Structure formats: structure tokens, C-alpha cells
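Every chain is numbered from 1 and lettered A, B, ... according to where its sequence line falls, protein lines coming before strand lines. Keep in mind that this is a model prediction, so the values were computed, not measured.
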Amino acid sequence: MLDIQSLRNDLEGAANRLAARPFHLDAAAFQALEQERKLVQTRTQELQAARNSLAKRIGQAKGKGEDVSALMREAGEANAELQSMEAKLLQVQARLQDFLLLIPNLPHASVPPGRSAEDNAEVRRHGTPRQFDFAVKDHVDIGEGMGMLDFATATKISGARFSLMTGALARMHRALAQFMLEVHTQEHGYTEVYAPYLVNAASMRGTGQLPKFEEDLFAVPRGEEGKFYLIPTAEVPVTNIVRDEIVPLDRMPLKFVCHSPCFRSEAGSYGKDTRGMIRQHQFDKVELVQIVQPEKSYDSLEQLTGHAETILQRLELPYRVMALCAGDMGFSAAKTYDLEVWLPGQNAYREISSCSNFEAFQARRMQARFRNEKGKPELVHTLNGSALAVGRTLVAVMENYQNADGSVTVPAALRPHLGGLERIARGS
RNA sequence: GGAAAGGUGGCUGAGUGGUCGAAAGCGCCGGACUCGAAAUCCGGUGUACGGUUCUCCGUACCGUGGGUUCGAAUCCCACCCUUUCCGCCA
């Protein structure tokens with residue numbers, strides 16, 4: 001959510017920056033709402049002040065044993081208008097709130113202009129794609145060839161966009177998550193978190209999934225009309241740790257890492273990435289979350305992105321870092337770097353991590369604050385990034401480390417987490 | 001799922017219809033005392049919003065949402081949460 005004060009001060013400036021996404025800010029609608037709000041709020045507060053002073057006088061008069069019937073009548077008459085004004089005020093404020101909740105974040109000045117992924121800017125590259133002297137397979141053929149990846153059975157059990165892994169491949173999937181957690185907790189200073197996978201609507205609103213993106217979420221009914229939402233990323237429960245909290249200065253910054261399954265309905269992605277385990281309803285991810293002071297958040301974004309890159313470097317997977325253009329960024333982000341890993345099976349770089357600074361956009365929705373040097377509560381800045389998506393990392397390892405005989409070499413960094421195993425092949 | 005108790009400011013905790021945004025203590029900030037510190041004393045110390053604009057004024061907020069009333073932290077209803085006991089259970 002944007003700061004309503006900044007919209008009041010510079011509506012045109014905000015509209016211009018939003019146009020880069022592109023998002024059309026209806027300035028006239030905002031101004032009309034604001035004007036009405038001002039009118040109704042001022043009148044309501046006047047009436048409330050009048051009521052309060054009358055009530056006080058009645059109390060005082062009663063205390064002295066005086067007759068209060070005239071005062072009571074006066075108060076009763078004023079109440080009709082007050083009630084209708086209060087109702088009107090609630091309504092206007094709700095409309096204003098709804099309006100604000102649907103406005104995406106302002107892109108940071110350093111965000112490249114552009115409308116689609118083609119306009120994203122490559123920031124740097126790391127590693128060189130390996131040359132193969134045999135016909136490369138994609139992860140589906142490799143996994144099924146080893147008898148460890150079974151989409152047919154997953155479809156029987158659940159349906160499309162689910163996967164079933166067995167044996168050494170399932171073990172390697174687990175080892176990857178363990179490896180990532182170890183690096184982030186032992187070397188990068190993150191606190192490991194285990195968090196709920198089902199969350200309430202307030203949490204989804206806090207990080208920006210609601211109210212606009214309900215169709216992307218899975219939900220389960222709860223109670224009469226309530227529901228739990230399945231988390232689409234650990235960003236949701238972990239960032240919401242600080243919702244409605246005031247973090248003491250000496251605890252800042254907060255750095256959390258959380259391994260969790262993620263659930264996405266993938267509505268609107270029909271026909272996209274239908275083969276393999278690139279785009280699934282359920283996948284595992286190791287997520288980094290940082291809660292920082294505003295002036296430090298862009299340094300933190302560079303660091304956090306670097307932490308995610310470390311994993312790819314240790315696994316010796318070629319990748320590139322992309323600065324997303326305004327049009328390709330998510331709703332809540334002010335700036336996003338995507339990490340794209342090289343996939344020989346697709347002969348392309350594919351997204352494996354997304355690292356974003358949300359500035360105060362989520363914090364304002366969540367009322368997540370810290371106590372600054374002056375002792376005053378101030379909104380925090382929130383950041384998060386995948387480090388990494390476990391399923392896609394497994395895909396990258398399989399494709400980049402594949403051998404001519406259909407086996408897969410285990411990356412050196414991963415071997416300690418697999419009891420020294422150097423290679424997985426059919427039967428292992 | 002059943003029963004009971006309870007949710008008040010950074011913390012503890014008083015307050016059961018009217019000068020209550022809320023006692024008191026702790027904490028924190030400033031000052032006095034001191035060479036300095038501790039102790040002591042004095043003063044200050046919530047958040048959000050609006051108007052005005054650097055100075056005030058107003059409004060809202062005592063778990064959440066409704067209701068009663070001229071007036072609600074206080075009474076009524078519903079819900080949420082916490083604690084304890086019982087039941088069930090990975």
C-alpha cells in the first residue's frame with residue numbers, strides 16, 4: 001500500500017511512476033474520494049466534539065443535582081446527524097482503503113523501463129554453460145530414465161502439475177534444501193524459521209496477495225464462513241511475524257530463512273511449462289526474509305541477492321542476474337532481481353530465484369514498525385528472495401550434471417549432505 | 001469438543017456508566033544534586049487520523065465487531081485469542 005500522504009502531496013508524480021508498470025492511477029477518482037472524505041470527516045468530528053461536551057455538561061449538572069432534561073433533548077437531536085455522518089465516514093474510508101489496496105508499489109528510480117520480460121536488464125553473468133559431447137536430455141527424460149521421477153503416478157494421485165520423486169532423486173531434493181539452510185544459517189547469519197503453511201486472510205493482505213490475487217491461491221474452508229489460505233511462498237508467514245509489531249532497534253535487522261512447501265493454483269498459466277516440474281501446484285522453496293531500516297534496504301537487497309547467488313555458485317550452476325523492468329515486477333515490489341539458471345534441456349536461462357525490496361509497501365499494510373533512534377515507531381522495509389526454489393534447483397542439477405549414460409553426477413558441494421554419494425543412477 | 005478464568009499503554013497492574021487517554025509502580029528521556037556514577041528529588045514520556053501549521057486544537061483507539069445510553073474501558077450480544085482442567089489425538 002502506498003502512503004496516502006505522499007499521494008496527497010504529489011499525485012501526479014505517483015501517477016507518472018506507476019505508468020511505467022503500466023498502471024493507470026485514476027487521479028480524478030482519488031481526488032473526488034479525498035474531497036468527500038475531508039468534508040465528511042470534518043463534519044463528523046465537529047459533531048462528535050459537540051456531543052462530547054454536551055455529555056460532559058450533563059454529567060456535571062447531574063452531579064450538582066440540576067435539571068438536565070433540556071440538555072438531554074438537545075443531545076438527542078444532534079445524534080441523528082452524527083449517526084448518519086459516522087456511517088458515511090466509515091463508507092468513504094472503506095472506499096479509499098479499497099482504492100489504495102489495489103495500487104501497486106512505485107518502481108524504484110533504478111528500475112529499468114519496459115513492459116515485459118524482454119525489457120529486463122542483465123546485470124551480470126556467472127559461470128559458462130557446459131559443452132556436451134552427447135545429445136542432452138531434459139530433466140523429465142533424465143528422471144524418468146533413472147526411474148525416479150514419475151508424473152503419471154503423480155497425476156493419478158492428484159492431477160496435473162504435481163510430481164512424484166523416489167529414491168536417490170527424492171533424497172537429493174531433500175539434501176538441496178538442507179544444504180541451502182546450512183549455508184544461510186551458518187554463513188549468512190539468518191535465523192531458521194518453521195512457520196505455518198495455512199494462514200489467515202490478514203496475513204495474505206499484509207504481504208499483498210490479497211485482495212487482488214485470490215485466484216492464485218489455494219484455500220481450505222474453516223468454520224462457518226472463514227478459510228485458511230495455503231501459502232504460495234514462505235514470504236507470507238515469515239514476513240507477517242512482524243505484523244502489528246514494533247521491533248526494538250537493537251534487534252534490527254531481522255534475517256529469517258524458512259524452508260517450506262509452496263502452493264500455487266497457477267490460474268492463468270494454462271499451457272505454460274506443462275512439461276516437467278518447472279511449474280507445479282506444490283513445490284519446496286528456501287526463502288530469505290529481511291526486516292530492515294529504510295535507509296539500509298537497498299544495500300540489503302544487494303546482500304540478499306548475493307546470498308541467493310552463493311547457492312548457485314557453490315553448486316557450480318551457470319546463471320545470470322536480471323534487473324526486472326517495471327512492467328515485469330510483482331505488485332508489491334519496488335525493485336526485483338531475478339536469478340536465472342542455465343538449463344541445458346531448454347537451452348535457456350530460467351528463473352530460479354526472485355529477490356525483491358518492498359520498501360514500506362508491505363510494512364504499511366501490516367503496520368510493521370521499529371523504534372527508531374528517536375524512540376519513535378517507524379515503518380520497516382521488508383525484503384525477500386528465494387534461495388532457492390528447491391525443485392527448480394534439482395532440475396538445474398539434473399540437466400547440468402547429466403552424463404551420457406543417463407546418470408547424474410552429484411555436485412561436490414552437495415556430497416556431504418548425501419553421505420558422500422558421487423553419482424545417482426538407475427537403481428541407486 | 002466440554003468447563004472455568006481472563007484479554008487495559010513498552011512492562012506489571014488499578015479502574016464495573018460521567019471532568020478516564022485512563023491511577024500507581026517499573027522502564028525510558030530531560031533536569032537538579034555529584035569530580036563522575038549510584039541513590040534521591042523534580043519534570044516529561046502511547047498510537048493513528050484530521051484541521052491548523054511548526055504552535056496549538058479536535059477526533060478515534062482499553063482483544064475484534066455490533067448493541068443499549070445524552071454519555072461505555074465499565075452494561076448487553078456475537079466472535080477471536082490466552083491460561084487452567086477434562087475429553088480426543090499426530
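- With both ends at atom C1', the span from B:A78 to B:C20 equals 27 Å, rounded to whole Å.
- Evaluation of the salt bridge (Lys or Arg N to Asp or Glu O under 4.0 Å) test over residues 411-428 of chain A, restricted to residues two or more places apart or in two chains, returns A:D405-A:R423.
- Looking only at side-chain heavy atoms (C-beta outward), A:V123 and A:M322 stay at 4.5 Å or farther from each other.
- One can place CG of A:L89 at 14 Å from P of B:U59, the figure rounded to the nearest angstrom.
- If you measure from atom CG of A:D250 to atom C1' of B:C28, you get 13 Å, rounded to the nearest angstrom.
- The stretch residues 31-44 of chain A touches RNA chain B through A:R37, A:K38, A:Q41, each having a heavy atom within less than 4.0 Å of the strand.
- Salt bridge A:D67/A:K62: absent, no basic N to carboxylate O contact under 4.0 Å.
- For A:Y298, the ring pair (Phe, Tyr, Trp, His ring centres under 6.0 Å) partners are A:H108, not counting sequence neighbours.
- Each side chain to side chain donor-acceptor pair (under 3.5 Å) pair with one or both residues in residues 17-28 of chain A, not counting sequence neighbours, would appear here, but there are none.
- Residue-level contact check: A:Q5 touches the backbone only, with heavy atoms under 4.0 Å from sugar-phosphate atoms and none from bases.
- Side-chain atoms of A:S6 and A:D3 include no donor-acceptor pair closer than 3.5 Å.
- The gap from the C1' atom of B:C85 to that of B:C79 amounts to 24 Å, rounded to the nearest Å.
- Sorted by first and then second residue, the pairs that involve residues 283-305 of chain A and meet salt bridge (Lys or Arg N to Asp or Glu O under 4.0 Å), not counting sequence neighbours, are A:K285-A:E287.
- Between A:M146 and A:I424, the shortest heavy-atom contact is SD-O, 3.5 Å.
- Remark: the separation of the C1' atoms in B:A32 and B:A48 is 36 Å, to the nearest Å.
- A search for ring pair (Phe, Tyr, Trp, His ring centres under 6.0 Å) contacts involving A:F256 returns nothing, not counting sequence neighbours.
- Atom P of nucleotide B:C49 and atom CG of A:L96 are separated by 13 Å, given to the nearest angstrom.
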Listed pairs, N/O of protein and of nucleotides 76-78 of chain B, under 3.5 Å:
none

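- Annotation: side-chain hydrogen bond (donor to acceptor under 3.5 Å, both in side chains) contacts of A:Q280 (sequence neighbours excluded): A:S163.
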May I have the list of side-chain donor-acceptor pairs in residues 212-219 of chain A shorter than 3.5 Å, sequence neighbours left out?
from	atom 1	to	atom 2	distance (Å)
A:E214	OE2	A:K227	NZ	3.2
A:E214	OE2	A:Y229	OH	2.7

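- Between A:Y190 and A:H188, the angle of the ring planes goes over 60°, which puts this pair in the perpendicular group of the 30/60° scheme.
- When the C1' atom is compared between B:U47 and B:U8, the two are found 15 Å apart, to the nearest whole Å.
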Is there any protein nitrogen or oxygen under 3.5 Å from a nitrogen or oxygen in nucleotides 44-48 of chain B, and what are the pairs?
from	atom 1	to	atom 2	distance (Å)
B:U47	O3'	A:R369	NH1	3.3

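- Figure legend. B:A39 is base-paired to no nucleotide; pairs are counted as Watson-Crick or G-U wobble with both atom distances under 3.5 Å.
- Only the P atoms considered, B:G36 is 48 Å distant from B:A73, to the nearest whole Å.
- One can place CD of A:E46 at 14 Å from C1' of B:U52, the figure rounded to the nearest angstrom.
- With respect to the salt-bridge test (charged N to carboxylate O, under 4.0 angstrom), the residues A:E266 and A:R161 do not qualify.
- The same atom, P, is picked in B:C11 and in B:C62; the two are 16 Å apart, to the nearest Å.
- Of the residues near RNA chain B, A:Q60 and A:A50, the one whose nearest nucleotide (by heavy atom distance) lies more toward the 5' end is A:Q60.
- Rounded to whole Å, the separation between the C1' atoms of B:G21 and B:G9 comes to 9 Å.
- Here B:C61 sits opposite B:G46 as a Watson-Crick or G-U wobble pair (both hydrogen-bonding atom distances under 3.5 Å).
- Base pairing of B:G6: its partner is B:C81, meeting the Watson-Crick or G-U wobble criterion (both donor-acceptor distances under 3.5 Å).
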Under 3.5 Å between N/O atoms: give me all the protein pairs with nucleotides 67-72 of chain B, atom names plus distance.
from	atom 1	to	atom 2	distance (Å)
B:C70	O3'	A:N79	ND2	3.1
B:C70	N4	A:K62	NZ	3.2
B:G71	OP1	A:N79	ND2	3.3

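- Ring pair A:Y197/A:F263: centre-to-centre distance not below 6.0 Å.
- Between B:U69 and B:C88, the two C1' atoms lie 46 Å apart (nearest whole Å).
- For residues 82-110 of chain A, the set of pairs meeting the salt bridge (Lys or Arg N to Asp or Glu O under 4.0 Å) definition, not counting sequence neighbours, comprises A:E36-A:R95.
- Between A:L47 atom CG and B:G58 atom P the separation is 16 Å, expressed in whole Å.
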